[in-house]
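Just so you know, these numbers come straight off a predicted model, no measurement behind them.
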Amino acid sequence: MRSSRLLLQRSHALYRRSVNTWSAVGAAFNVQHQRFEHLQKNVGLFGVPELSGPAGFQMAQHQALREAEFLVHKACTHPPGAVTVETFDQLSDSLCRVADLADFIKVAHPDAAFREAAERTCVEIGTVVEILNTNVDLCQSLKNLLGNEAVLATLDSDTRRVAELFMFDFEISGIHLDYSKRSKAVALNVKLLDLYHVFLSGSQLPNAIDKQVLPEHIRHCFSIDGNRVQIGGLHADSPNELVREAAYKIFLYPNTSLLLCLDELLACRHELATLVGYESFAHRALKGTMAKTPGKIIRATSKDFKMMKEMKKKTHTTNPEVMPWDHAYLSSAIRTEMFNIDPSIYSPYFSLGACMEGLNCLFTQLLGVYFQAEQPKMGELWSEDVRKLVRFCLPSLFAHFSSPALLRSLTDVLIQMGRCIYCFLCCQQAVVHETEGVLGYIYCDFFRRPDKPHQDCHFTIRGGRLRDDGVYQLPVVVLMLSLPPPSGRTPSLLTPSMVENLFHEMGHAMHSMLGRTHYQHVTGTRCSTDFAEVPSILMEYFASDYRVLRQFARHYQTGEPLPENLVSRLCESKRVCSAADTQLQIFYAALDQVYHGKPQYRSTTDILREMQEKFYGLPYVNDTAWQLRFSHLVGYGAKYYSYLMSRAVASMVWRQCFLQDPFSRVMGERYRREMLAHGGSKEPVLMVQGMLQKTPTIEDFVDALVLDLNANVKSSV
């Protein structure tokens with residue numbers, strides 16, 4: 001595994017060029033570098049001195065709690081005004097800077113001692129937060145502000161909105177209740193933290209079975225431990241139907257203790273919601289969902305399942321019916337047959353370095369930002385072979401080169417000599433824009449390693465905010481992917497789906513980087529859930545556009561550009577079975593809503609069976625409990641619909657604003673100004689209105705999804 005840290009800056013000049021040689025970004029991701037950390041002092045994880053060892057989490061936690069105690073006193077004793085909101089935000093920041101960092105380390109650090117220490121810190125800080133959310137004196141200080149019309153009139157709109165959001169946090173925690181009920185609300189929240197941990201851990205564990213139960217000729221497809229076979233996934237892409245079926249039935253076999261955990265989790269959520277005055281947890285979380293209007297998409301789905309059934313007949317299967325374990329494989333088989341979409345054909349054109357260079361060029365043209373290199377310090381990263389990589393802005397750094405051709409020639413010579421351009425430049429001073437300068441930091445944890453979760457995620461480590469001294473606290477995030485590591489002289493080569501995932505997660509990162517909110521409580525992705533995925537999904541459209549791909553997609557050995565016909569086939573293939581894929585998302589969203597609605601007084605498996613028959617179209621398989629692998633129930637409880645809503649918004653933004661010109665600086669600046677800059681400090685619907693310059697309706701969202709399924713989104717100029 002190699003991680004990189006990207007320092008994002010804003011560029012004044014439009015930087016357009018085709019990629020003919022590896023720039024610093026491309027070379028740094030495709031070439032391995034020497035490091036000399038043994039000569040340095042350990043600065044601690046993310047540069048936090050206390051975190052040079054696992055015990056440091058206790059120290060960082062203690063310092064955060066002492067600072068929180070001081071800020072609570074300040075908020076409760078200071079006269080109402082803007083300083084009240086600023087103090088609340090400082091309080092939130094002091095706790096989040098420790099809790100958010102720990103939340104990442106508990107899943108990503110290769111050292112179990114670090115993971116366990118981080119987990120304990122998450123629980124401790126989480127408990128304190130729940131107690132603060134029911135602190136009557138703290139809430140009263142906010143009420144004094146919101147109830148004073150004269151003072152409110154002096155606040156700007158962002159400050160007023162953040163104050164209202166803090167008050168909403170108090171209200172959903174039961175601040176209006178008497179002491180005994182508030183105490184019960186705190187106890188329920190603390191209990192939920194434990195249940196979340198148990199459920200998330202259990203949802204990732206493999207299931208084991210005696211190897212004699214499986215046919216001998218498929219045992220090698222799974223992990224064997226003595227006489228037991230460990231199955232830790234669905235093996236959905238396996239061409240062997242028996243492997244897919246066995247994995248599905250064994251991996252999803254019900255775990256009694258985890259079923260009880262989920263029952264208790266849902267019951268606690270409902271009890272908490274009703275305790276604080278809501279009809280159900282779903283009512284507490286949201287007011288309306290896309291899952292209520294799936295009709296138009298269901299009609300298109302039937303055609304997809306018919307194609308899958310025809311494809312399954314060609315595999316000479318003994319079971320002609322399409323089963324849940326067939327969905328992913330048959331969809332891929334249909335795409336391959338219709339368009340010859342073989343990942344091995346595309347991967348040589350998508351080295352990780354080329355993709356990062358492509359992102360860099362896109363952001364420079366669209367938004368005027370670029371990456372700059374910075375050498376990581378000892379202990380700053382979380383694995384011995386982690387490296388921190390960033391990029392210099394070549395036009396600014398080499399302003400004394402009068403000819404771009406001369407610059408490219410220099411780069412060619414360096415690479416031919418076997419020297420990475422990054423090594424040549426790393427001693428140079430970073431280039432900072434004269435007005436905005438550095439915007440933030442992105443740590444790129446991209447490669448697979450043992451014990452690392454196989455998931456693609458964006459983690460906020462530190463939110464951006466305007467500090468008391470007038471200096472802006474720069475945001476820090478981590479992008480975590482599961483890409484194949486480089487091998488020898490071969491760089492990490494990405495499949496088309498990996499490229500799409502990389503662009504998706506970088507969309508989250510840009511949301512965090514380009515937000516310039518006064519308060520960290522609403523920075524970047526800390527916004528409404530059904531808006532948070534819009535920037536990331538929008539980036540998927542750029543990843544499918546030939547005008548974007550042709551700037552960087554070239555063979556890592558020959559330099560040959562990716563042929564346009566391959567891109568066209570790839571884009572066409574994404575439309576195949578997309579209705580069935582969308583229908584599956586609707587099923588997940590509907591299931592999530594029912595689980596968090598009024599109590600059903602039946603098992604979660606019975607509910608799953610009903611929802612699957614109603615919203616999916618493929619049969620439920622007896623003795624399976626897919627809901628126990630639905631980890632989104634924790635982080636997206638009653639809000640899974642947000643993926644559909646965000647996709648609809650992203651579709652509308654792409655078609656109206658970027659389809660004609662994906663490099664439009666005018667639209668890029670509007671995108672930053674109207675959507676990215678505000679984080680959660682502005683109502684999502686107002687941001688969408690500003691971008692589209694109209695007010696969309698629920699019907700518009702549904703129509704956008706349907707249009708996405710039917711339209712042939714071409715990426716030719």
Inset, instruction - Could you tell me whether R97 and E67 make a salt bridge, using a distance below 4.0 angstrom between a side-chain N and a carboxylate O? - result: yes
Inset, instruction - Please work out whether the ring planes of F166 and F88 are parallel, tilted or perpendicular, with thresholds of 30° and 60°. - result: tilted
Legend entry - Side-chain donor-acceptor contact under 3.5 Å, N133 with D169: no
Legend entry - Pair D111 + R115: basic N to acidic O under 4.0 Å: no
Legend entry - Test: D93 and R467 ion pair at under 4.0 Å: no
Inset, instruction - For the pair F350 and F552, name the ring-plane relationship: parallel under 30°, tilted 30 to 60°, perpendicular over 60°. - result: tilted
Legend entry - Minimum heavy-atom distance A102-A118, with the two atoms named: O-CB, 3.4 Å
Legend entry - Salt-bridge criterion met for E540 and R647 (N-O under 4.0 Å): yes
Inset, instruction - For the pair E669 and R665, find out whether any cationic side-chain nitrogen is under 4.0 Å from an anionic carboxylate oxygen. - result: yes
Inset, instruction - Assign the ring pair Y640 / Y636 to parallel, tilted or perpendicular, where the plane angle (0 to 90°) is split at 30° and 60°. - result: perpendicular
Inset, instruction - Dump the intermediate steps for ring pair (Phe, Tyr, Trp, His ring centres under 6.0 Å) on F542 and F658, then the final yes or no. - result: CA-CA 9 Å; F542 287 95; F658 296 109; 5.4 Å; yes
Inset, instruction - Report the relative orientation of the aromatic rings in W654 and Y541; use parallel for angles under 30°, tilted for 30 to 60°, perpendicular for over 60°. - result: parallel
